[in-house]
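Working notes, beginning with the structure itself.
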Number of protein chains: 2
Amino acid sequence: MNIYDIAKKAGVSPATVSRVINNKPNISDRTYQKVQAVLKENNYIPNAIARGLVSNSMNLIGIIVDDIRNLYRSHIIYELSQLLNQHRYNTIIFDFGNQDNDLFNSLQQQQLDALIFIGSSFSTPYVTDYISKYYPATPVMMFNGLLDLPNAYSVICDEAAGMELIVEHLYRTGKKNFVYVNYSENLASQRKLAGFCKKLEEYGLAFDESRLITTTGDFEGGRDAAARLLQYSIPCDALVCGLDLIAMGAMYSLKYFGYSIPGDIAITGFDNIIYGKLSDPFLTSVDSNHKEMARVAIENLLGALRKEEAEKVVYVRPFLFCGGTS
Amino acid sequence: MNIYDIAKKAGVSPATVSRVINNKPNISDRTYQKVQAVLKENNYIPNAIARGLVSNSMNLIGIIVDDIRNLYRSHIIYELSQLLNQHRYNTIIFDFGNQDNDLFNSLQQQQLDALIFIGSSFSTPYVTDYISKYYPATPVMMFNGLLDLPNAYSVICDEAAGMELIVEHLYRTGKKNFVYVNYSENLASQRKLAGFCKKLEEYGLAFDESRLITTTGDFEGGRDAAARLLQYSIPCDALVCGLDLIAMGAMYSLKYFGYSIPGDIAITGFDNIIYGKLSDPFLTSVDSNHKEMARVAIENLLGALRKEEAEKVVYVRPFLFCGGTS
DNA sequence: CTGAAAGCGCTTACAG
DNA sequence: CTGAAAGCGCTTACAG
């Protein structure tokens with residue numbers, strides 16, 4: 001059932017049917033009613049591909065992500081999708097978690113109006129080359145990443161500022177012996193550590209390698225960090241963790257060994273996601289303000305799609321979520 | 001830059017360019033090389049919409065879900081997407097979490113080869129009507145749901161069997177006083193409760209309303225359940241929870257009040273997701289075997305797409321994950 | 001207010 | 001082995 005069939009049944013031309021479907025002006029009421037009736041009667045839905053061919057757009061935006069199962073990332077995707085939906089865009093998710101699927105081959109199967117990359121893992125020369133070669137005119141939004149290309153835009157969480165908020169807060173509550181738990185060497189964690197160090201220096205507090213614990217970015221990593229903290233008897237009254245999950249693991253172990261939180265040791269996380277709510281009191285954390293980040297990202301991306309000038313790189317300030325673990 | 005431009009530059013017809021792009025046989029090596037060179041030189045990518053119009057498919061499958069931020073659901077989506085990718089399908093996610101976006105309007109913007117609904121919340125007369133009206137010939141897979149339509153297929157976790165495994169396991173460890181924590185009235189939770197009751201009866205164990213606690217399906221709900229358990233002094237040595245998150249909350253509170261787990265009270269969850277790993281020992285739970293469910297779902301959906309006979313409703317047996325809380 | 005015709009960018013029989 | 005032509009299902013100037 002296509003537009004010609006409808007036209008025939010209604011006794012009009014396909015052009016007229018098209019006008020009715022798209023609510024174009026200058027249709028006689030009589031014709032309009034007649035066509036509408038035939039449309040309903042046949043449960044007609046216009047072929048989206050044919051429409052897309054004319055407008056050269058499927059109203060589709062690709063979101064490229066490393067692993068959608070990560071809670072923080074699924075929250076970001078949710079926000080981005082909802083905002084795009086409000087502007088009549090659909091989103092197609094390319095999950096690059098599994099290395100053996102060819103992301104770029106997959107991309108080429110669709111005609112995408114714009115691309116959104118989530119996470120700094122896509123800020124690579126390979127991606128830069130690929131985009132400049134095959135998508136030189138497609139607006140690209142790097143969410144928490146950078147890409148040095150005329151068609152690329154960024155919205156980035158200012159993690160350093162977030163860590164400064166944490167240190168400031170802990171310092172004001174009288175904490176002096178800071179230990180930092182790191183989990184990766186990616187850009188985000190580097191920014192976090194940098195903010196942490198900067199603020200410590202500002203307060204004239206000591207920090208060296210002996211106060212830096214590096215582990216995995218999960219609950220186990222937190223337990224591991226706590227174990228090493230105790231094993232090496234590192235003096236510590238404030239344990240600053242790079243991720244909520246790490247903080248939860250560390251807290252779990254420290255409580256087990258009889259430490260009072262935050263009395264003996266204050267603990268903080270980063271991201272302020274649900275993991276930090278699986279305790280009483282809640283975990284003190286930095287909220288990256290991902291809703292605001294998503295809002296800015298979509299606003300700028302839509303601007304770029306309308307060929308307007310948009311800010312190339314925006315840093316969004318996170319805020320402190322003050323739980324009871326500090 | 002379209003296929004005509006390439007054809008002109010290569011001095012051949014568009015048909016020949018098309019043959020090269022699609023690796024069709026019967027091309028002279030000379031022509032092939034010449035066209036390939038022009039293709040590379042211009043970083044040509046065929047227009048996916050135009051291709052789609054010919055084949056009447058964008059190789060796109062729509063996944064409709066209530067809220068992608070839910071950890072269990074994001075895991076399911078991950079599995080489904082990866083499997084579909086292997087078969088050259090892309091997936092577009094329609095998140096119906098926000099009621100004020102019009103799901104079905106959104107659907108019609110794309111030409112979808114198949115639809116996958118995740119969760120029993122889509123097993124409604126409204127969806128049935130809509131599908132039978134507008135997508136009578138599109139294969140529809142209900143993941144953990146049912147839809148009585150000739151083009152609809154189901155893969156469902158046999159939650160009742162899962163709960164039976166739990167009860168059997170607890171009974172064998174000597175537990176006698178079972179309390180059940182429910183969280184919803186949806187089909188899945190009904191099946192869970194039914195399995196629980198059935199097995200209890202089989203063992204001749206008592207169960208009545210006084211041993212059923214209904215609360216919310218989150219960590220707070222678990223804490224609430226524990227509080228009520230203590231407040232009403234319900235005799236209990238086995239607390240069976242409908243979800244992992246509930247179990248974690250209950251465990252948190254019971255530990256706080258000095259109960260030994262599983263010595264005094266055994267605790268079990270359902271879904272076997274990461275929440276249950278945020279403790280030591282891990283939470284005993286039922287693994288719905290979502291990987292296997294996804295495998296079967298995609299296998300049957302692909303079968304339906306190839307117009308083969310496929311099983312209409314498949315129940316997948318979950319298995320017990322035996323942690324240390326039981 | 002309405003219709004005939006061209007065009008969107010491909011692919012695919014068909015003919016040679 | 002290659003090309004001319006038709007067709008996929010719409011929309012959109014253009015003409016009337």
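Each chain gets a letter, A, B and so on, in the order its sequence line appears, and its residues count up from 1. These numbers were taken from a predicted model, which means no experiment stands behind them.
One side chain, B:Ser106 or A:Asn90, offers a donor N or O that lies under 3.5 Å from an acceptor on the other. Side-chain contact of A:Asn56 with B:Asn47: a donor-acceptor pair under 3.5 Å is present, judged by distance alone.
Checked against D:dT2, D:dT11, C:dG3, the side chain of A:Val54 finds its nearest nucleotide in D:dT11.
Applying the ring pair (Phe, Tyr, Trp, His ring centres under 6.0 Å) rule to B:Phe122 yields the partners B:Phe117; only residues at least two apart in sequence or on another chain are considered. Here B:Thr16 pairs with B:Ser13 under the side chain to side chain donor-acceptor pair (under 3.5 Å) rule; sequence neighbours left out. Annotation: side chain to side chain donor-acceptor pair (under 3.5 Å) contacts of A:Asp148 (sequence neighbours excluded): none. Residues passing the ring pair (Phe, Tyr, Trp, His ring centres under 6.0 Å) test with A:Tyr130, sequence neighbours excluded: A:Phe104, A:Tyr134.
Summarising the geometry, the separation between CD1 on B:Ile6 and C1' on C:dG9 is reported as 12 Å, rounded to the nearest angstrom. In this structure, CG of B:Leu53 is placed 12 Å from P of C:dG9, rounded to the nearest angstrom. Put simply, CD1 on A:Ile3 is 18 Å from P on D:dG7, counting in whole angstrom units. Distance CD (B:Gln108) to P (D:dC10): 13 Å, rounded to an integer number of Å. To the nearest angstrom, C1' of D:dG3 lies 15 Å from NZ of B:Lys8. Spacing between atom CE of A:Met58 and atom C1' of C:dC10 amounts to 14 Å, rounded to whole angstrom units. Following rounding to the nearest Å, A:Arg51 (CZ) and C:dG7 (C1') show an atom-to-atom distance of 17 Å. Rounding to whole angstrom units, CD of residue A:Gln111 and C1' of C:dC10 are separated by 11 Å.
Residues in residues 2-30 of chain B take part in no salt bridge (Lys or Arg N to Asp or Glu O under 4.0 Å) pair, two or more places apart or across chains. Residues in residues 119-129 of chain A take part in no side-chain hydrogen bond (donor to acceptor under 3.5 Å, both in side chains) pair, two or more places apart or across chains. Screening residues 2-46 of chain A for ring pair (Phe, Tyr, Trp, His ring centres under 6.0 Å) gives no qualifying pairs among residues at least two apart or on separate chains. For residues 296-308 of chain A, the set of pairs meeting the side-chain hydrogen bond (donor to acceptor under 3.5 Å, both in side chains) definition, not counting sequence neighbours, comprises A:Arg295-A:Glu299, A:Arg306-A:Glu308.
Taking every heavy atom of residues 20-41 of chain B and every atom of DNA chain D, pairs under 4.0 Å involve B:Asn26, B:Ile27, B:Ser28, B:Thr31, by number.
At D:dC10, one or more side-chain N or O atoms of A:Tyr44 fall inside 4.0 Å of OP1 or OP2 (strictly under the cut-off). Phosphate contact (OP1/OP2 of D:dG9, side-chain N/O of A:Asn2, threshold under 4.0 Å): present. Between A:Ser13 and the phosphate of C:dT2, there is no side-chain N or O to OP1/OP2 separation shorter than 4.0 Å. The phosphate of C:dC10 has neither OP1 nor OP2 within less than 4.0 Å of any side-chain N or O from B:Ser18.
The base of C:dC8 is not paired with the side chain of B:Tyr4 by any donor and acceptor separated by under 3.5 Å.
Considering every non-hydrogen atom in both B:Leu71 and A:Arg69, the closest pair reads CD1-O, 3.6 Å.
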Find every protein N or O atom lying less than 3.5 Å from an N or O atom of nucleotides 14-16 of chain D, and list the pairs.
none

Side-chain donor-acceptor pairs of residues 310-318 of chain B under 3.5 Å, sequence neighbours excluded:
from     : atom 1 : to       : atom 2 : distance (Å)
B:Lys312 : NZ     : B:Leu149 : O      : 2.7
B:Lys312 : NZ     : B:Pro150 : O      : 3.0
B:Lys312 : NZ     : B:Ala152 : O      : 2.7

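Helical stems in DNA chain D, defined as runs of 3 or more consecutive Watson-Crick or G-U wobble pairs with both donor-acceptor distances under 3.5 Å, are listed by first residue as C:1-3 with D:14-16, C:5-12 with D:5-12, C:14-16 with D:1-3.
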